[in-house]
Amino acid sequence: MSLTPPDAGPIEDAWLVIPLYNESTVLGEVIAEARKTFPHVVCVDDASTDGSGAVARRAGAALVTHPFNLGQGAALQTGIDYVLEATDAEYVVTFDADGQHRVEDAAAMVRRAREEDVAIVFGSRFLDGRTKPGLLRRIILKGAVWITNQQTGLRLSDAHNGLRVIRRDAAEGLHLAQNRMAHATEIVLQLSRTKLPWVEHPVLIVYTDYSRAKGQSLINSVNILIDTIIK
Amino acid sequence: MLDQPLIKVILLVGIVGVTVLLTRSTAGARHQAVRRLLLVGFVLLAAMAILFPPLLTQVARFVGVGRGADLLLYGLTITFLGYVAASYRRMRQLEQQNTILARQLALNHAVHEARHRPKES
């Protein structure tokens with residue numbers, strides 16, 4: 001029985017925020033897997049019609065239910081507000097419901113935030129060559145990175161990565177107004193305005209058939225682009 | 001491309017104005033006053049155009065457009081764009097208020113629940 005090594009045991013001072021919109025197929029597994037490391041999970045059910053909320057509750061997550069569909073950005077903000085209001089957690093981890101993020105990456109990012117005393121850890125799939133997004137997706141993602149960097153003055157390698165660790169003081173600076181997908185740029189912008197220290201952390205995105213089907217269709221990047229420019 | 005420069009400049013400025021409207025921060029009292037003045041001006045111009053149709057054509061000629069009716073069409077196009085921009089902004093504002101309201105509702109419920117039924121650890 002040694003002292004708990006930093007990379008073992010559940011992480012008690014971080015809450016996972018998982019926005020849900022009709023994710024019931026894989027959600028139970030994703031939450032169960034995540035809760036081995038992160039016992040505290042809040043799911044924001046964005047008015048799903050397939051019982052995702054009930055699945056989340058059964059898997060042991062706290063649940064916030066939107067009365068009607070507001071979009072993923074709105075759901076993220078709701079989850080962050082929940083963590084700030086209802087808990088005294090030090091870290092908020094934004095996590096996807098479709099199983100494309102790995103729990104060990106999230107845990108490593110929280111550890112890194114703690115060890116290096118940074119307020120924000122952005123997951124990036126482009127820091128190493130493990131993630132294989134496909135050519136067209138890569139081009140669009142890189143375009144998104146470029147625009148985000150232009151708008152925020154940060155130098156990120158991956159902009160639309162849903163895996164982030166945000167310390168309480170940084171999370172308090174978030175007031176996302178983009179309800180739909182353009183929140184990914186907005187979140188970076190608002191975090192950059194807090195002037196708090198940040199790092200990028202290499203993560204592996206697991207593109208399964210399910211996550212591909214649920215994920216952003218490439219044509220939707222047009223919407224994201226326009227929402228990003230016209231506020 | 002460089003013939004009839006005057007009307008082209010006027011119309012382009014109009015489009016730029018609409019774009020600025022779209023991206024600018026929320027309007028205040030000053031903004032509303034400007035909009036009302038523009039409306040009054042529009043009513044006066046409309047009345048003039050009805051009472052003295054040749055005047056419209058003269059104005060059109062002056063800015064380099066052949067007929068008053070064409071000028072009217074151009075003006076309408078810009079006004080329509082402005083209308084689209086303004087209603088888009090209003091939509092966004094409403095959407096925003098709606099979101100905040102819905103979020104507060106959802107959070108009240110969830111936070112209440114969390115406080116009264118402590119989670120098993």
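- Nearest heavy-atom pair across Leu70(A) and Thr99(B) is CD2-OG1, 3.9 Å.
- Annotation: residues 167-177 of chain A contacts chain B through Leu176(A), Ala177(A) [non-hydrogen atoms, separation under 4.5 Å].
- Between Thr65(A) and Ala106(B), the shortest heavy-atom contact is O-CB, 3.1 Å.
- Counting all heavy atoms, side chain and backbone alike, Leu107(B) lies closest to Thr78(A) at CD2-O, 3.7 Å.
- Note that CD of Gln77(A) is 5.0 Å distant from CZ of Arg103(B), once rounded to the nearest 0.5 Å.
- At most 12 non-hydrogen atoms from other residues, nucleotides or ligands lie less than 6.0 angstrom from CZ of Arg36(B).
- Within residues 85-96 of chain A, the residues having any heavy atom closer than 4.5 Å to a heavy atom of chain B are Glu85(A), Ala86(A), listed by residue number.
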